[in-house]
Amino acid sequence: MTMIADNLHQVQARIDAGVAAAGRVLGSVQLLAVSKTFGPDAVRDAFAAGQHAFGENYIQEAVDKITALADLRSQLQWHCIGPIQSNKTRPVAEHFDWVHTVDRLKIAQRLSDQRPADMAPLQVCIQVNVDGGPTKSGVAPEEALALARAVAALPRLQLRGLMCIPEPAPNFEAACAVFARARALFDSLNAQGLALDTLSMGMSADLEAAIHSGSTLVRVGSAIFGARDYGTTAH
Ligand SMILES: *Cc1c(COP(=O)(O)O)cnc(C)c1O
């Protein structure tokens with residue numbers, strides 16, 4: 001077994017244990033393998049081990065990788081989880097299946113306008129700044145409902161849920177307290193008529209706390225692919 005396959009099985013075991021500990025239904029948390037900074041061969045290894053959904057942060061790197069893996073395109077799901085500048089929406093609209101990082105209407109409108117007619121609607125999560133970091137991306141929680149309604153009305157997007165990236169917490173309880181805010185917002189948006197099914201939260205270091213708090217999708221990079229080396233990639 002390759003290192004990546006071995007790591008994938010260990011992460012899946014962590015997810016299953018977290019789901020069981022939380023008393024949730026087995027299989028209710030999806031694993032997104034974050035392959036940023038790793039090449040197409042790493043994605044092929046993970047795919048061979050049964051992984052189909054991959055997350056990328058840097059648009060040009062992602063487009064190059066998606067192109068290099070064109071032979072697998074119909075079997076792979078590509079999720080954009082990095083910040084999107086308004087002049088970079090076109091490659092996102094043309095290459096990805098999902099975007100987790102919509103935090104303003106202008107970006108959503110451009111993605112909808114630029115989504116090719118022969119592709120399925122772009123699946124979207126709204127990024128929420130749940131811990132109030134002033135420099136962080138993400139819509140303020142009190143603005144999420146208005147943005148969600150506006151995004152849900154765009155023709156070429158399908159609003160699926162919320163995403164958050166809280167600051168690392170000192171312990172499990174502190175992490176849960178922050179994730180719980182995202183969960184409460186998710187529940188409140190659903191109570192107000194938005195049919196959200198995806199709560200994208202949890203990474204290598206805090207996926208157990210996220211699952212405890214209701215995450216339906218964890219984004220895991222280093223625990224699968226190893227430590228990232230930002231020095232060798234261009235962004
Ligand atoms: C890099 C990244 C991840 C994965 O982080 P790890 O700590 O390597 O698991 C998850 N989500 C986002 C938004 C990221 O940028």
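All values below were derived from every heavy atom in this structure, side-chain atoms included, with hydrogens, water molecules and symmetry-related copies excluded. Both counts, for ligands and for their atoms, begin at 1 and track the order of listing.
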*So, R160 and D197, do they make that salt bridge, N to O below 4.0 Å?*
yes
*What about F172 and H212, are their ring centers closer than 6.0 Å?*
yes
*Is it the case that S200 and R219 place a side-chain donor and acceptor less than 3.5 Å from each other?*
yes
*Select all protein residues for which some heavy-atom-to-ligand 1 distance is less than 4.0 Å, and list them by chain and number.*
V34, K36, N57, I81, M163, I165, M203, S204, R219, V220, G221, S222, R228
_Sidechain N-carboxylate O distance under 4.0 Å for D16, R24_ = no
*asked:* Between T216 and Q30, do the side chains contain a donor N or O and an acceptor N or O under 3.5 Å apart?
replied: no
*4.5 Å side-chain heavy-atom contact, F47 and L72*: yes
